[in-house]
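To keep things clear, I will list the structure first and then write my remarks on it.
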Amino acid sequence: MSDKQHSIIGAGVPRIDGPDKLAGRANYAADNLPPNLAYGYGVFSTIASGKVSQLSVDEARRMPGVIDIFHHGHFPSLYRTPSSFVQGNKVEETRLPFEDERVYYEGQFVALVVADSFENARAAARRVKVTYSADQAVANLDQGVEANGTRAGSGNHSRGDAPGAFEDAAASIDVTYRTPVETHNPMEMHASVAYWDAQGNLTIYDASQGVVVERNALSKIFAIPPERITVHAPYIGSGFGSKLWTWPHAIATAAVSRELGRPVQLVVPRQQMFTTTGHRPETRQRMRLATDGNGKLVSLRHEAINTTSFTDQYVETCGSVTKSLYSCPNLTVSHETTQVNRGTPTSMRAPGAAPGLFALESAIDEMALAAGVDPLQFRLDNYAERDESLDLDFSSNHIVEATKRAAETFGWADRNPEIGSMREGREIVGYGMAACNWEALKRPCDARVSIRADGTVFASCATQDIGTGTYTIVAQAVSDVTGIALDRITVKLGDSSYPEGPISGGSWATATTLPAIAGAARKALDELKRYATGGNGIFAGAHADDLSVVDGALRYDGKQASFTEVLDAARYGSADGEAHTEAADSKYSYRSFGAHFVEVRWDPGISHLRVSRVVSAIDVGKVINATTARNQVEGAVVMGVGMGLFEATEYDTRNGRPVNNDYAEYVVPVHADQPEIDVILLDYPDLAFNEYGARGIGEIGITGLAAAIGNAVHHATGKRIRELPITLDKLMDDVPQAQSA
Ligand code: MOS
């Protein structure tokens, strides 16, 4: 392979799907309008716990355009999916829609109106009369622990004797952190369009981060073979995790479409995206750390409780990074859950690690100060050199370099450690830092590549591009192997009938998909070489191994023939290859590393806090696309600013009802909140992990960011805020803090 070809890996190639998106040619789920389409609109519970005691649809049925109204007394009977991650049929909320009259959370579907237009369906939905018998709701984590206690979660770990080492240590801290419910707010709303053909085959367009898993789950739920279901998600307006697994609205849409014998579309209103499509759960995390006289960690305990629903156990693995980031012989990580009257939580960008590293990296800062060591030096002194939880070497770990490079670019050496000492005009400047970390996973994957006689190449895989750049990096890999220019490569993703690919989640897609794509492209080239050397081939009689591939052509013995010429001569329309690649081995601990440095500015005169500057150095192995990779870290940093300063879904402590479940009251960062962001990508290929040496980059950027903000806020103000988000009231001396009920 020539250097020229190979240089496309790592290049800042613009998104190949960009023009279609900008021109409005890219169809998102709700853009699909099959003939005879009917529109659904939900009726959602207005209590958080209890039963539907009466449901009257008479008035609603008389509204214009109404076709049918479904509810627990009138709904097709379905089956539950085993929701097995291994079998690939996972859903997060295992209770089926309209299964019974019980209400487990506010915003649960209690009825579904289907009408001839969206407006008619919505108008009729408002005339459905529901009366409830309400129970006392469990409204938050503290109430859950008090009322029902906790249940053991997964991902626990213990080594050495953490309590014993804590007692004998030179310095120690024992602190508790809290993080609130956060809600995914992708631009594209959840939406499904479903229809069944006369043979009973289901087609569904859904905003899905995992078309194969959705197909498999629906196959269980409708008890039909997976081959009879096709899930389409060619374009997704992001998901952040909320679109990983199939939610009740998609199941209900498919069910009522079959019942009515016509296509049905359902868009989840923004308010119900806070209730019935998952959220990051509330956490309470007790951290106990201790050091010896030299500032080395000798004991570390991370005990987390997260809220889950009454129907499912979702474990937020807050201690997942704690197990291996720092060297510590005596360490315990435990996860527990407590049930509350909210919908089932789900993964949100860096599940576990995002709230977990707020606690860990804030606690490390507190521990460093208690031990009298600079927080940067403390980390350098304590970073693990190998994964002590798995007793394995890291495949590739450049966290020390990442930390030092970010520190230098940021100017950490200029930091005066004294609290509140760095003033500029009316503002007090604070510097804080934190490590970041995320696991690297590579799943099994299939892919297909066809080299066509018209000079184009077609690549397909049933993974998705949720806005991150998967279309583009797949094209880069095809171009890398074949030498065909990007504008002649067509990439098809987001269709469950393509060869099976991974969910777009966990930062798995790059590492998982590219080796399968490259393998399929090489197999297509092998086939092309067989055509070239066969009977009427252009290089008939030559040995296939003696042919080389150069820029979209085959070369043999000083002669060159384009792929088109080769196929024309052999009278084939295409040369095709399929490949299957396996999950990563377990010879190493595969993880990504990095560090964030954050500057905040606090104006005590007007009580204004902002994040003004962020420098992040990230070690994710080989960077496949410099532009889209940087964009992922920048986006994650912005989301981290939201987590640090703004985001919280609030619930009424008296009845468990969400009170700010809309775009107006749930605060996310806007342009005015953006810091200056400087992303340093280390770009060391991790070739033990896959042939490209790429580990994936979607999630790591949010981990640790909120802690770095909190640490900077402490440096500026002297206040240690252990409960996110860091809102202004928590920084003002004369504002009484709200008491939790
Ligand atoms: Mo990500 S939370 O795995 O979409």
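Note that ligands are numbered from 1 as they come in the structure, with each ligand's atoms numbered from 1 the same way. The model shown is predicted, which means the values in this text are computed figures rather than measured ones.
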For [X], the ligand 1 atoms whose distance to one of its heavy atoms is below 4.0 Å:
X: Ser347; result: 2 (S)
X: Gly505; result: 1 (Mo), 3 (O), 4 (O)
X: Phe240; result: 2 (S), 4 (O)
X: Pro351; result: 2 (S)
X: Leu244; result: 3 (O), 4 (O)

N or O pair under 3.5 Å between Gly241 and ligand 1:
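Yes; at least one N/O pair falls below 3.5 Å.
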Gly506, any N or O under 3.5 Å of ligand 1 N or O:
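Yes: some nitrogen or oxygen of Gly506 is under 3.5 Å from one in ligand 1.
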So does Asp20 get a backbone contact from the side chain of Asp17, meaning a donor-acceptor N/O pair under 3.5 Å?
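No, the answer is negative, given that no donor and acceptor are paired below the 3.5 Å cut-off.
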Close approach, Gly239 and ligand 1, non-hydrogen under 4.0 angstrom:
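Outside the 4.0 Å threshold, so no.
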Salt-bridge present ([X], [Y]; N to O < 4.0 Å):
X: Glu282; Y: Arg342; result: yes
X: Glu500; Y: Arg215; result: yes
X: Lys243; Y: Glu188; result: yes

My understanding is that only one of Glu316, Arg151, Gln313 makes a side chain to side chain donor-acceptor pair (under 3.5 Å) with Thr337; could you say which?
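Only one of Glu316, Arg151, Gln313 forms a side chain to side chain donor-acceptor pair (under 3.5 Å) with Thr337, namely Gln313.
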Test applied, side chain to side chain donor-acceptor pair (under 3.5 Å); reference residue, Asp619; option that passes from His398, Arg591, Arg695:
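Among the candidates, only Arg695 passes.
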Ligand 1-proximal atoms of [X], by part, heavy-atom distance under 4.0 Å:
X: Met348; value: backbone
X: Ser507; value: neither
X: Ile466; value: neither

For [atom], closest protein heavy-atom neighbour:
atom: atom 1 (Mo) of ligand 1; value: Glu699 OE2, 3.3 Å
atom: atom 4 (O) of ligand 1; value: Gln209 NE2, 2.8 Å
atom: atom 2 (S) of ligand 1; value: Arg349 N, 3.3 Å

Could you check Phe394 against Tyr588 for ring-ring contact (aromatic ring centres under 6.0 Å, His included), going step by step and ending with a plain yes or no?
CA-CA 6 Å; Phe394 294 115; Tyr588 294 98; 10.0 Å; no
State whether a side-chain donor-acceptor pair under 3.5 Å links Ser504 with Gln209.
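Distance-only check fails for Ser504 and Gln209.
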Sub-6.0 Å ring centroid separation between His184 and His279
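Not under 6.0 Å, so no.
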